[in-house]
Amino acid sequence: MALEGLFLKDEGHDMSSNHDVKFPKLGDMLEYILKQQPNLLKFSETRDHRLIFPSKMYLVVIKFLSKCFESESEYDNSIVEKMYLLLEHAMAFEGSSELHATATKLMVSVGACLPEITSAHYSLRISWLKQLLSHVDLDTRESAGRLLGIASSALPNSEASALLCELVSSVSGIHKLKYEAQHGALCAIGFLAADCCSRTPAIPDTVFQNTLKCLMDVVNSEPASLASVAMQALGHIGLRTRLPPLVNNTSQVEVLVALHEKLRKLISGDDMKAIQRVVISLGHIGVKEASSSQLDVALDLIFSLSRSKVEDILFAAGEALSFLWGGVAVTADVILKTNYSSLSMASNFLMGDVSSSFSKYCSNGKCETDEDCHAMVRDVITRRLFDGLLYSNRKEERCAGTVWLLSLTMYCGHQPTIQLMLPEIQEAFSHLLGEQNELTQELASQGMSIVYELGDASMKKGLVDALVNTLTGSGKKKRAIKLVEDSEVFQDGAVGESPSGGKLSTYKELCSLANEMGQPDLIYKFMDLANYQASLNTKRGAAFGFSKIAKQAGDALQPHLRLLIPRLIRYQYDPDKNVQVC
C-alpha cells in the first residue's frame, strides 16, 4: 500500500512539465519497487499472467521511471535488464492499450540510448515481440516493429533473413491476416529490412527482391491505410540503401516508376494520414537515390500537392522536400531506432530555436547526404518554388510555397546551398508578408526570423533594415503577381456583394461589376484598395517578424528606435485586432 500511495498521489500530474524537478536514481527507484513486488521480474512468454498493479497505477509508475531514466547519463546493465523485465510484465493481456503503448515506447527509448544491450536482450524475445505485431493498438504495433529491427542487429545473417522471409510470407500468403496483424507485419518488415540492408555482408539478393515485391504488391492492391504503411516501409529501407530495380523475369522496373500512378491516386484520396505517410516516404526514399527517373517521380508527386488546403499535408510535403534536398540533421538511426515521428515534432516546428532544434539528433555534427545525387533535385526544387509557387497568382500555391520554403530553411538551413540562397529566401519571405492568408503571413514572418538567425552579420543588418523600411512605409516595391480571372483580390465579404447578390472577391468578379455599372475604370480603384490592404497586411506581417527578431537583434535596433517607437505604438492601438496582437 505504501508503494501504491507513493505513485497515485502524482496521478494526473503532468510530469513532462517538471523541468527543474530532481528525480531519484533509476536504480534506487527500481530497487525500492522490486523489493516490495519481486514478482514484477517474472517474464511470461504467453502474456497471460495477472498484473500486480491496476493499469492506471502501472501507467503512472512507468511514466515516473521514464523521467528517472531520462535524467541519467550512465546506466548499469543489470538495472536496464530489470527495467525491461518490469516493462514486459506490464504487457499482460489484461493491461490497457494505453499502458502497453507507454511501456513499449519506453522500451524503444531505452533501446535508443543502449542499442547493444537492447538488441542482445530482445534477440532472445523474438517470438514474444511477434505477438505484439497484431496488438489492437497502433502505437504498440509500431514500437514492436522497431524493437524487432533493433533486435535483428544481434542476430546472425541467416536468422535475420529467415525472420524477414517469415514476415513477408505472412503478408503475401493466400490467407489474409486480419488488419492489425497485416499492419504490424508491414511495420516490422520496414524496420527489419532496413537493418538487414545496412549489414556487411547484406542479406541475399533474392530475399531483398522478395521483400520489395511484397511491399509493392501491397501498395498496388491494398486500401490506402495499408498501402501507405507499405510505402512507409519502402521509405525506411530507402534511408539505408538505394532501392534497386525489381527484377521480373528478364526485365527490370524501378520501384517509384512502377508505382507512380497508384501513388498519384493515393495522394489524391481522402485518407489524410495515408497521404502524409506516402509523401514522407518519398523523401526517405530520395535520401540515397541516384536515379533521375526515380527522383523525378518523387518530385512530381510532391509538387502535385501544391493546391492542397490541408496544412498537415503541406508540412509533410515540406518534410519530404527537405530530405530530397539533403543536409537534414536527423540520421537514419534516429528515424528507425527511436520514437521519432516527424521533423516537425523533432524541431518543435514554428517555436523551436534553429541552432538547437536538432542538436540532440545529429551524429557528431555530421548530416547524412550525398551531394552529387541531390544537385539536380535542388535545382528543380529551387525553380519550382521561386519561378512558380512563391509568386503564383493562386493564393493556395503561394501558401504551399511558403510552407515548403520555410521547411527547407528550417531543416536544411546550415546546408551550404541554402546558405548561399539566404538573400533570395529573405526577399521571398518579405514579399509574402502582405498575404491575406494568415498561415502564409505567419510562416513568412517565422521564415524571416529563421533567416536572421542563420545569416551572417551582413545578412542580419540587411534584414533589420528591410523590416524597418517596411514598418515605416519606405520598403522597396514588391515583385508583381500577374492576375488571372480566378485570382482572389479580396477575401469573401471584404467589399460586400454585387447588386445581384454575387460574390466580389476574384479579379473576374470585380471586372464584371465594373462593366455592369458602366464604369470600367472602377477596377483601378478596386486594385488601389487591394494594394492598400496588402500594404496593411505587409506591415502586420513585418511587425510579427519584427517582434521575433527584436529578441535576437539587440543593439542592432538601437539606431532605428526613434522611427520605430511611434509606429509600434500606433499599431498597438490599431482597429484591426490582428495588428494589435503583433
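Note that these values count all heavy atoms, side chains included, but never hydrogens, waters or copies made by symmetry. Quick note: residue numbers are just sequence positions, from 1.
Between the Tyr340 side chain and the Lys337 main chain, no donor and acceptor come within less than 3.5 Å of each other. The backbone N or O of Leu314 lies less than 3.5 Å from a partner atom in the side chain of Trp404, making a donor-acceptor pair. Remark: side-chain polar atoms of Ser152 are not paired, donor with acceptor, to backbone N or O of Leu192 under 3.5 angstrom. Side-chain atoms of Ser281 come within 3.5 Å of backbone N or O of Val278 as a donor-acceptor pair. Arg141 places a side-chain N or O within 3.5 Å of a backbone atom of Val136 that can act as its donor or acceptor partner. Distance alone, capped at 3.5 Å, is enough to place a donor-acceptor pair between the Arg146 side chain and the Thr338 backbone. In this structure, Asn157 contributes its side chain and Pro201 its backbone to a donor-acceptor pair below 3.5 Å. A donor-acceptor pair under 3.5 Å is absent between the side-chain atoms of His89 and the main chain of Leu51, judged by distance alone. Using modelled atom types, no side-chain atom of Asp139 and backbone atom of Ala101 make a donor-acceptor pair closer than 3.5 Å. Side-chain atoms of Lys288 do not come within 3.5 Å of backbone N or O of Gly238 as any donor-acceptor pair.
Remark: the Tyr58 side chain and the Thr102 side chain contain no N/O donor-acceptor pair separated by less than 3.5 Å. Glu254 and Ser291 are linked by a side-chain donor-acceptor pair at a separation below 3.5 angstrom, with hydrogens and angles left out of the test. His135 and Glu180 form no side-chain donor-acceptor contact under 3.5 Å, judged by distance and modelled atom types alone. Under the 3.5 Å distance criterion, with hydrogens and angles disregarded, no donor-acceptor pair is assigned to the side chains of Asp195 and Ser153.
Nearest heavy-atom pair across Gln294 and Val257 is OE1-N, 3.4 Å. Of all non-hydrogen atoms in Ala90 and Leu99, the two that sit nearest each other are O-CD2, 3.6 Å. Summarising the geometry of Leu40 relative to Phe53, their closest heavy-atom pair is CD1-CE1, 4.0 Å, with the distance given to 0.1 Å. Residue Ser322 comes nearest to Tyr411 through the heavy atom pair OG-CD1, 3.3 Å, listed as atom of the first residue, atom of the second, then distance. Heavy atoms only, all atoms of each residue included: His374 and Gly326 are closest at CD2-N, 3.9 Å. In terms of heavy atoms, Lys130 sits closest to Leu163 at CD-CD1, 3.9 Å.
Within the 4.5 Å cutoff, no side-chain heavy atoms of Gln131 are placed close to those of Met91. Between Leu256 and Met231, the closest side-chain pair of non-hydrogen atoms falls below 4.5 Å.
Going from atom CZ of Phe315 over to atom OG of Ser407 covers 7.0 Å, rounded to the nearest 0.5 Å. Of the inter-residue distances, the one linking Cys196 atom SG with Ile203 atom CD1 reads 5.0 Å to the nearest 0.5 angstrom. Atom CG of Leu148 sits about 11.0 Å away from atom OG of Ser123, to the nearest 0.5 Å. Here the CZ atom belonging to Arg240 is positioned 11.0 Å from the CZ atom belonging to Phe191, to the nearest 0.5 angstrom. Taken from SG in Cys68 to NZ in Lys63, the straight-line distance is 14.5 Å, to the nearest 0.5 Å. Here the CD1 atom belonging to Ile267 is positioned 7.5 Å from the CD1 atom belonging to Ile275, to the nearest 0.5 angstrom.
Two rings, from Phe69 and Phe23, have their centers 6.0 Å or more apart.
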Pair Lys309-Glu396, salt bridge (Lys or Arg N to Asp or Glu O under 4.0 Å): steps then yes or no: CA-CA 7 Å; Lys309 296 180 181 180; Glu396 63 269 28; 5.6 Å; no
Derivation and outcome, side chain to side chain contact (heavy atoms under 4.5 Å, CB included), residues Lys42 and His49: CA-CA 9 Å; Lys42 291 183 178 179; His49 58 279; over 6 Å; no
Pair Gln232-His236, side chain to side chain contact (heavy atoms under 4.5 Å, CB included): steps then yes or no: CA-CA 6 Å; Gln232 189 176 50; His236 289 160; 3.8 Å; yes
Evaluation steps, side chain to side chain contact (heavy atoms under 4.5 Å, CB included), between Tyr75 and Glu72: CA-CA 7 Å; Tyr75 312 96; Glu72 297 184 20; 3.9 Å; yes
Check against salt bridge (Lys or Arg N to Asp or Glu O under 4.0 Å), Arg47 and Glu88: CA-CA 9 Å; Arg47 299 176 53 219; Glu88 288 155 9; over 6 Å; no
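The pair Arg277-Asp271 fails the salt-bridge criterion, with no side-chain N (NZ, NE, NH1 or NH2) lying under 4.0 Å from an Asp/Glu carboxylate O.
Aromatic ring pairs are classed by plane angle as parallel below 30°, tilted from 30° to 60° and perpendicular above 60°; the pair Phe323 and His284 is perpendicular.
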Show me the donor-acceptor pairs within less than 3.5 Å that the side chains of residues 297-304 make with the rest of the protein, sequence neighbours left out.
residue : atom : partner : partner atom : Å
Asp300  : OD2  : His260  : NE2          : 2.9
Asp300  : OD2  : Arg264  : NH2          : 2.3
Ser304  : OG   : Leu301  : O            : 2.5

List the atom pairs, donor and acceptor, that lie under 3.5 Å between side-chain atoms in residues 208-219 and the rest of the protein, sequence neighbours left out.
residue : atom : partner : partner atom : Å
Gln209  : OE1  : Val247  : N            : 2.9
Gln209  : NE2  : Pro245  : O            : 3.1
Asn210  : ND2  : Thr206  : O            : 3.3
Thr211  : OG1  : Val207  : O            : 2.8
Lys213  : NZ   : Asp217  : OD2          : 3.0

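Summarising the local packing, CD of Glu94 is surrounded by more than 12 heavy atoms from other residues, nucleotides or ligands at distances under 6.0 Å. The environment of Glu81 atom CD is dense: over 12 non-hydrogen atoms of other residues, nucleotides or ligands sit within 6.0 angstrom. Within 6.0 Å of CG in Asp48 there are more than 12 heavy atoms belonging to other residues, nucleotides or ligands.
Arg50 forms no cation-pi arrangement with Phe93, by the criterion of a distance under 6.0 Å to the ring centre and an angle within 45° of the ring axis.
Ile79 meets the side chain to side chain contact (heavy atoms under 4.5 Å, CB included) test with Leu26, Leu30, Asp76; sequence neighbours excluded.
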